[in-house]
Amino acid sequence: MPRRDGTTGGGGRTLGVAAAALLLLTCACDARREPPSRRDAREEANAAPYQATVDEGLGAAVAILVDTSGSMRETAAGDSRPKYVVAREAIEAMLDATDAFVAKRPDFPIKIGIYSFSSSARMLQPIQAYNRAAIRQTLDSLPRPGGGTAIGEALREARPDLYGAGVFRKYLLVVTDGDNTSGQNPERVARDIYRKSQGAVQVYFVAFDTAPQKFAFLKEVGGDVIAAGTGEELRKALDGIYQGKILAEAPDAGEREPAKR
């Protein structure tokens, strides 16, 4: 319809619609913009130290993280069996030492959790008091290898469970044969755990048939990495960590919360 100035009103209507749309978009962006006070509170919470969800006392909790990525199907060096089978048996043999320890120190509970990881991480057995039969059954049901290697995600999955185990000493023990290919960077996760646990969570890796240098950052966060090229070396490495470090740290008498670092 012609306007008095001789132009049509279509352009004006178009500009009006555009202006209205811009106003709505601006309002929506303002609504989504997080207030500084709320953002600061969230960042402070993310940086806060971990807190136990239950009362803690004597004992040690160990979350064992087993690589079940596709490369674990490969034959282990000096062996005719796949690496995942060799790793499973080595972990079983490592945990056998728990029986003698518990008999000697019944006042110092050992709690074990089993996790597997490939392209993602999953809990196979929650962290609970050591039970040889239950652990063997869990290890026998490890998923068949396949997929990528989500080491960082496995650390993130298991860490909170340590704070619900009810014991002071907390450990993450990882057996892997490769590079992280999925999810969070394991170095970033390990450093975050070290900072927020104030050194209370110790992280140990066994680099099975892979270069340990890629996990050298562990030495900077109170942990360690040990190389193992064969099944026999894997057994020795696991025994060295479990008996030589985790069980050996239980004092002959008394126990106190690990010092904050």
Side-chain angles (χ1 to χ4, degrees), residues 50 61-76 81-92 94-95 111-128 134-165 170-194 196-197 201-218 221 223-228 231 234 237-238 241-242 246:
Y50 299 134
V62 187
I64 301 172
L65 284 50
V66 187
D67 189 340
T68 55
S69 62
S71 58
M72 290 292 282
R73 287 193 303 258
E74 299 170 5
T75 302
R81 298 168 299 166
K83 286 188 280 188
Y84 82 96
V85 173
V86 173
R88 182 187 68 205
E89 294 185 0
I91 293 169
E92 287 181 358
M94 172 194 80
L95 290 172
K111 300 186 177 184
I112 305 293
I114 308 291
Y115 301 75
S116 68
F117 62 93
S118 52
S119 296
S120 60
R122 58 185 289 197
M123 178 181 67
L124 302 180
Q125 175 185 292
I127 296 175
Q128 60 190 24
I135 287 174
R136 286 184 176 272
Q137 183 176 3
T138 299
L139 290 172
D140 286 344
S141 64
L142 275 176
R144 300 284 293 183
T149 312
I151 303 172
E153 293 299 327
L155 294 171
R156 289 185 63 196
E157 174 75 16
R159 195 284 309 164
D161 297 340
L162 293 172
Y163 279 81
K170 305 171 182 69
Y171 303 89
L172 292 165
L173 174 56
V174 181
V175 178
T176 183
D177 76 335
D179 297 303
N180 191 77
T181 62
S182 179
Q184 293 288 316
N185 181 297
E187 178 175 355
R188 186 179 303 116
V189 175
R191 291 186 183 280
D192 193 51
I193 290 173
Y194 178 71
K196 293 181 182 178
S197 73
V201 175
Q202 293 182 270
V203 184
Y204 295 109
F205 277 41
V206 177
F208 184 27
D209 192 29
T210 191
Q213 291 81 3
K214 66 187 73 173
F215 306 119
F217 60 84
L218 290 169
V221 294
D224 201 1
V225 57
I226 299 177
L234 178 61
L238 287 171
I241 293 172
Y242 191 63
I246 295 175

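Computed from a prediction, not measured in an experiment: that's the story for all the values here.
Side-chain atoms of Arg144 and Thr68, non-hydrogen and from C-beta on, never get closer than 4.5 Å to each other. Between Ile151 and Phe117, the closest side-chain pair of non-hydrogen atoms falls below 4.5 Å. A 4.5 Å side-chain heavy-atom check between Leu124 and Leu142 finds at least one atom pair inside the cut-off. Taking the side chain as every heavy atom from C-beta outward, Ile64 and Ile112 approach each other to under 4.5 Å. At least one side-chain heavy atom of Ile135 sits under 4.5 Å from a side-chain heavy atom of Gln125. Looking at heavy atoms from C-beta onward, Leu162 lies in side-chain contact with Leu172 at the 4.5 angstrom threshold. Within the 4.5 Å cutoff, no side-chain heavy atoms of Leu173 are placed close to those of Leu65. For the pair Phe215/Glu187, no side-chain contact is recorded, criterion being any heavy-atom separation below 4.5 Å from C-beta on.
Counting all heavy atoms, side chain and backbone alike, Met123 lies closest to Pro126 at SD-CA, 3.5 Å. Nearest heavy-atom pair across Ser119 and Gly148 is OG-N, 2.7 Å. Taking all atoms of both residues into account, the shortest heavy-atom contact from Arg156 to Gln184 is NH1-CG, 3.2 Å. Closest of all the heavy-atom pairs between Val225 and Pro212 is CG1-O, 3.8 Å. Here the closest heavy-atom approach between residue Val86 and residue Gly231 is recorded as CG1-CA, 3.5 Å. Across every non-hydrogen atom of Tyr163 and Ser197, the tightest pair is OH-CB, 3.2 Å.
Residues that satisfy the side chain to side chain donor-acceptor pair (under 3.5 Å) test with Arg81, not counting sequence neighbours, are Asp79, Glu89. Evaluation of the side chain to side chain donor-acceptor pair (under 3.5 Å) rule for Arg122 yields no partner, not counting sequence neighbours.
For the atom pair Leu155 CG and Asn180 CG, the distance stands at 9.0 Å (nearest 0.5 Å). Taking CG from Asp192 and CZ from Arg159, the interatomic distance works out to 8.5 Å, rounded to the nearest 0.5 Å. A distance of 10.5 Å separates CZ in Arg88 from CE in Met72, rounded to the nearest 0.5 Å. Remark: Ser71 OG to Lys83 NZ distance equals 5.0 Å, nearest 0.5 Å. To the nearest 0.5 Å, the span separating CD on Glu74 from CG on Asp209 amounts to 7.5 Å. Here the OH-CG distance, from Tyr242 to Leu95, works out to 5.0 Å after rounding to the nearest 0.5 Å.
When atom types are taken as modelled, the side chain of Lys111 and the backbone of Ala165 share a donor-acceptor pair closer than 3.5 angstrom.
Side chains of Asp177 and Thr210: a donor-acceptor N/O pair is absent below 3.5 angstrom, by distance only.
More than 12 heavy atoms of other residues, nucleotides or ligands shown are found within 6.0 angstrom of CD on Glu92.
Looking at Arg136 and Asp140, no side-chain N of the basic residue comes within less than 4.0 Å of a carboxylate O on the acidic one, giving no salt bridge.
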inquiry  = What verdict does the side-chain hydrogen bond (donor to acceptor under 3.5 Å, both in side chains) test give for Tyr115 and Asp161, after you've listed the backbone C-alpha separation in whole Å, the side-chain angles of each residue and the deciding distance to 0.1 Å?
reply    = CA-CA 11 Å; Tyr115 301 75; Asp161 297 340; 2.4 Å; yes
message = Under the criterion side chain to side chain contact (heavy atoms under 4.5 Å, CB included), I'd like the reasoning laid out for Leu238 against Val175: C-alpha separation, chi angles, the key distance, then a yes or no.
response = CA-CA 9 Å; Leu238 287 171; Val175 178; 3.9 Å; yes
Check against side chain to side chain contact (heavy atoms under 4.5 Å, CB included), Val203 and Leu218 = CA-CA 7 Å; Val203 184; Leu218 290 169; 3.8 Å; yes
request  = Go through the steps to decide whether Val174 and Val206 satisfy the test side chain to side chain contact (heavy atoms under 4.5 Å, CB included), and finish with yes or no.
outcome  = CA-CA 6 Å; Val174 181; Val206 177; over 6 Å; no
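Using bins of under 30°, 30° to 60° and over 60° for the plane-to-plane angle, the ring pair Phe217/Phe205 lands in the perpendicular bin.
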